[in-house]
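First comes the structure, then the notes that go with it.
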Amino acid sequence: MDTTFSRRSMRQSYDWWLVAFYLLLVFFGWINIYAAIHASEPASIIDWSTRSGKQMVWILTAFGLAGLILFLIPAKLWEGASIPLYAFVLVLLVAVIFLGVEVKGSRSWFAFGPVRFQPAEISKISTSLMLAFIMSRTNFKISDIKHFLLMGAVIAVPMLVIVAESETGSALVYVGFIFMLYREGLSGWFLVLIGMAILLFILTLTASPYVSILTLIGVLTFCNMLQSGRLLRWAGTCGLYILIMALLPWGLRTLAGALIPGAAFVQAEDPFVAETVLHASSWSFLLKINPLYILLGTSALFLPWYAWRSYREKNSFMSLSLVAFIAGVALVFSTQIIFEKVLQDHQRKRIEVLLGMKEDPSGVGYNVAQSMIAIGSGGLTGKGYLQGTQTSFGFVPEQSTDFIFCTVGEEWGFLGCVFVILLYVLMIWRIIHDAEHSRAHFTRIYGYCVACCLFMHLFINIGMTIGLMPVIGIPLPLMSYGGSSLWAFTVLIFIFIALDHEERKYF
Amino acid sequence: MALEKSHKLLIGLGVAAALLIGKLFVIQLVDDKYKINASNNSMLYDIIYPTRGVIYDRRGNILVGNKVAYDILVTPKEVQAFDTLMLADILNVEPDFIREKMAEYARNKRRIGYQSMVMIKQMPAETYMQFAEVQYKFPGFKGQVRSIRDYPFNAGGNLLGYVTEVDQDYLRRHPGEYRPGDYAGKTGIEAAREKELRGEKGYHIYLRNSHGQIEASYQDGEFDKEAVPGKDIITTIDADLQHYGQVLMQNKVGSVVAIEPKTGEILALVSSPGIDVDKLAEINKYYNQLVQDPYRPMNNRAVQGFYPPGSVFKLVNGLIGLQEGTLQSGSLFPCAHGYTLGDHRPGCHGHKSPINLDEAIMMSCNSYFTFALRDILESPKYADIGEAMDHWNAYVQSFGFGHKLGSDFPSETGGSIPSAKTYNRLYGKGWWKFPTIKSISIGQGEVTVTPMQIANLAATVANRGWYIIPHIVKESEGVEIEDKFKERQYTLVDTTQFKKVIHGMWMAVNGGPGSGGTATSVAVAGLDICGKTGTAQNPRGADNSVFICFAPKDNPKIAVAAYIENAGFGATWAAPIASLLVEKYLTGETNRPAMEQRILDGNLMSRVKKD
């Protein structure tokens, strides 16, 4: 009796771990903002005219919001408020395109005098609530195509509006909801599919369409055989085919080199010499063969056979992989068009710099190069608080907002970085843990949404500062300077803590 | 399933975190690259600028030297309250200029940090001395020595070229060679010989503390680098001749090019109107004015303008005819005030008929050379006129026409010489015959050339069949010139043929009054000038006046081409100018004051249509 009571009181309590992680991150972010600006705006950390002073105001008001959510607003309210809130934020998202002010080329900010806020930030909250609301209905089934489309629309509509605001970075965060969907029953092959699409895109840009399609064939046939457990047969047939095809371009070149005198000149691309050499040899057709056509031609031969087998064996996985193959080839051939026509100039440049296709130390590459220098120079333990030379002298741009992690890297070193990353990982882990333990589907799904948002921001932002991701301007949650972002993440997280608190009451 | 989906996601989270931490591990602990770069950021490289090489003429006169000027630098972080009026007075600027600059620095406070900004560029030494006396009153302000170009001789802005601060585009095209704020030669000799002239920058290395202030010299200057001064350039220019050419070409639009035939060395190259050397040192100040000038002084007409050569081109057609065997020096053709085949009759001057080659050159007979070119192009040797045309084109190209000569002027253009392809494109294959294209026989129509190319033609005839690519830099210690500037380029016409036209050229000048020679008015006793006049049609107004010549007839020392836009007959303006230059070069003085005065007084600017 006594033990039941004490456990009950524990459970009735809030998840103080989450609150502690939250406070640590916010505080650490604040002192690092001061470190980033103290050299150019020397003043006290609480001077209201500086960024660190302003951030303190944001933090204190965020605490107020958190208190409001935990103690005043009934947690049950959120579920019912999902639809109106979602609709309201959607209206704001569209309205900002027409009424907002332009900041760095994107129209995504409302300005009320000196105060500015970004609806895209609160849209994360409303979309998460809406997803949780729809997917927690008792008759909801992810495999039902109608339900699936409705759910897709809930994610896609705000995402597209945000793209229209030219805030592609913020829109990218919504891709993270795929992890929540996976938890809620979406096939793991969807994750593989998305990963594969990204891999094909990168391979086509950095290597060639040939390598891309060969990889596609390899992965698809391998997955098929893995599914039906015929690994050895795969190695004997498809593996052999892929090996031959991998050697084909090299083989053609070598053969041509041996048979055509002066074939090396053709590679020199002097059209006159090339003409002369080609006319001189009857083997010159070897040089005109594009191995890509051979690859496509031979693999197309197998298609009808595969289609027939998947029909006979009623193997839906196999027929889906056929569709995937065709879609994959289409993607490879449209990659160049997407890259050159769909993406905007600055986005293309960022990807080119990341993939090492172009060196650009003074332009786009500058940010990343300076950021990596700042972080790299921190070493194991860092240069000490306020002792950084890179971040404090303006070598790193956006040092208190998107690139705040540079200050951590330079002044606190590898240990500081690991500390920050661990805090985020623990926070996400704790949210997933709580979500898994809640009875209400609404709470569980909402919790996963929060975890996904945090993860995407964390990975994209830190990945960007250390050259793992292209430069995508989204803030580091809770640490970057800025009221919109801090408030939005505070509300996002504390709604979950409130919902979780509600769960604990029942036990 | 062996693992729950939530566990798989947590494993994924762990992998992603490991990825981030792994990369951090590499850049923070494994790879030293980033630490070295960080120290670059906190080491201050104070650049030492080398002095630019001096440009001399062929006799050792300085064409372009250096003089000292001072930049005033400001370090906004170190500036304290000061007397703006006093400073403005000393620096000889408006007080508002200083106020505006200081306000601008205050606005960009964060970006500037502890850096020094250049407030005033290229201040004369006298002004700087006044400032230096009271510098202690103005903390944060200091002077920096900088050498700027000085032009003791008016050798023409287009020829010398100018030096300016490099722009973004220039930096991109020369990766790693320049930094923003460096200067580089942009045109003329300054650009052509930039690599030698610029020298190598040096630097002092200083250390900054974590507040960005300079603390000390790095390793007592052990890694500092001295600047290497630029190499001097000796040009082929004769400063006196160049200057005289500039003076003669005042108030006229056109070019004069003088070449030493034996060596291909350019003795003078005038493009008028040009950039005044007084403006060269501060080109930025005048740049817009120069670009907007309707006479386009930035355009180096001598190597960039392409014009119809007019009658001077008859020499080329005559020589080709001789080589082909379709023309003998004794060949007689009639002239009934024009060649009468087809619809058009290119007019001719009144002279006797029929005439031979010598007389045709001397009198510049249009119909003679129309017949001569007809016989080349309709020669039974060739299957059709297309084949003949291409052979003709090859001959003309061998004289240096139709392509860039390859001189050391980077901005040189090549003009154009038609081929069968040209006319097939214009009229369609089989739809053109000799009468269609006959205007090329007298250097009109599709034939365009640069003044330097016709000067080169004069040199080629002077040498009896070969030329050396015209060039402007002499070989000297540390300055090499390309082998092509030492090799003879032979034309496809045998050297023996040349003397047959040279006599006609000699007669044109020295035939005496009443002989019918087109340039008898410019004959100078004892100089044996051989010349050929040209009067080229200009669709934009009056005819262009053209003259090429060389002297003396035997063992020629100088070849000159003068091309004056909208100036009328070749003999009226171009021939006197060219002959005065020849006289000046060969005798050191001129003894024809009346002619000289007429040229100096002549103002032909109003005849030229402006853009």
Side-chain angles (χ1 to χ4, degrees), chain A residues 37 39-42 179-180 182-186 188 191 359 362 369-370 372-380 382-384 386-390 392-395 405 409-410 413-415 417-418 421-422 424-425 428-429 432-433 435-436 444 448 451-452 455 458-459 462-463 465-468, chain B residues 1-44 76-77 108-115 168 171-172 175-176 178-180 207-213 215:
Chain A
I37 57 147
S40 52
E41 299 176 35
F179 299 118
M180 179 276 292
Y182 169 69
R183 163 62 183 86
E184 295 303 319
L186 192 73
L191 296 185
E359 292 278 332
S362 58
Q370 291 299 337
M372 288 173 75
I373 288 170
I375 294 173
S377 66
L380 179 66
K383 296 175 184 167
L386 299 185
Q387 299 304 309
T389 53
Q390 305 301 300
S392 51
F393 289 122
F395 292 117
F405 193 71
E410 187 181 12
F414 181 67
L415 295 179
C417 291
V418 171
I421 293 173
L422 274 186
Y424 282 112
V425 168
I428 294 169
W429 168 77
I432 291 178
H433 170 268
E436 285 294 336
R444 184 186 69 231
Y448 266 98
C452 290
F455 172 75
L458 168 77
F459 193 74
I462 296 184
T465 59
I466 58 179
L468 269 183
Chain B
M1 268 197 193
L3 275 171
E4 270 182 46
K5 281 185 162 184
S6 65
H7 289 149
K8 283 190 183 171
L9 282 174
L10 283 173
I11 290 171
L13 175 67
V15 170
L19 215 64
L20 293 177
I21 291 173
K23 176 88 187 204
L24 281 165
F25 185 80
V26 171
I27 68 174
Q28 292 190 299
L29 302 178
V30 180
D31 203 335
D32 276 341
K33 190 169 78 184
Y34 300 100
K35 283 158 208 79
I36 294 160
N37 275 325
S39 65
N40 277 346
N41 272 349
S42 55
M43 280 197 287
L44 184 82
K77 283 253 167 176
N108 298 313
K109 194 173 71 180
R110 290 188 53 190
R111 192 173 54 80
I112 294 170
Y114 284 88
Q115 295 175 62
Q168 280 303 319
L171 285 171
R172 201 167 46 244
Y178 297 89
R179 293 158 56 100
L207 277 182
R208 285 191 287 201
N209 63 15
S210 70
H211 295 287
Q213 286 149 335
E215 280 203 320

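Below, chains carry the letters A, B, ... as their sequence lines are ordered, and counting in each starts from 1. No experiment lies behind these values; they were computed from the predicted model shown.
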Starting from the C-alpha separation in whole Å, work towards a yes-or-no answer on side chain to side chain contact (heavy atoms under 4.5 Å, CB included) for Q28(B) and L380(A). CA-CA 7 Å; Q28(B) 292 190 299; L380(A) 179 66; over 6 Å; no
Would you compute the distance between atom CG of L9(B) and atom SG of C452(A) and round it to the nearest 0.5 angstrom? 7.5 Å
If I measure from the heavy atoms of chain A, does L20(B) come under 4.5 Å with its side chain, its backbone, both, or neither? both
When only pairs under 4.5 Å are counted, which of G188(A), G463(A), G413(A) shares the most heavy-atom pairs with chain B?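 Top count of heavy-atom pairs under 4.5 Å with chain B: G413(A).
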Counting heavy-atom pairs under 4.5 angstrom with chain B, the leader among L458(A), I432(A), T465(A) is I432(A)
Just do the side chain to side chain contact (heavy atoms under 4.5 Å, CB included) check on F25(B) and V418(A) with the steps written out, would you? CA-CA 9 Å; F25(B) 185 80; V418(A) 171; over 6 Å; no
Indicate the atoms forming the closest heavy-atom contact of [X] with [Y], along with that distance.
| X | Y | value |
| --- | --- | --- |
| E436(A) | S6(B) | OE2-CB, 3.1 Å |
| A16(B) | F459(A) | O-CE1, 3.7 Å |
| W429(A) | L13(B) | N-CD2, 4.3 Å |

Please state whether the side chain, the backbone, both or neither of [X] comes within less than 4.5 Å of a heavy atom of chain B.
| X | value |
| --- | --- |
| I466(A) | both |
| Y448(A) | side chain |
| I375(A) | both |
| L186(A) | backbone |

Listed by chain and number, what are the side-chain contact (heavy atoms from CB on, under 4.5 Å) partners of L191(A), not counting sequence neighbours? I178(A), F179(A), Y182(A)
Let me see the working for I421(A) and L24(B) under side chain to side chain contact (heavy atoms under 4.5 Å, CB included), right down to the final yes or no. CA-CA 11 Å; I421(A) 293 173; L24(B) 281 165; 3.6 Å; yes
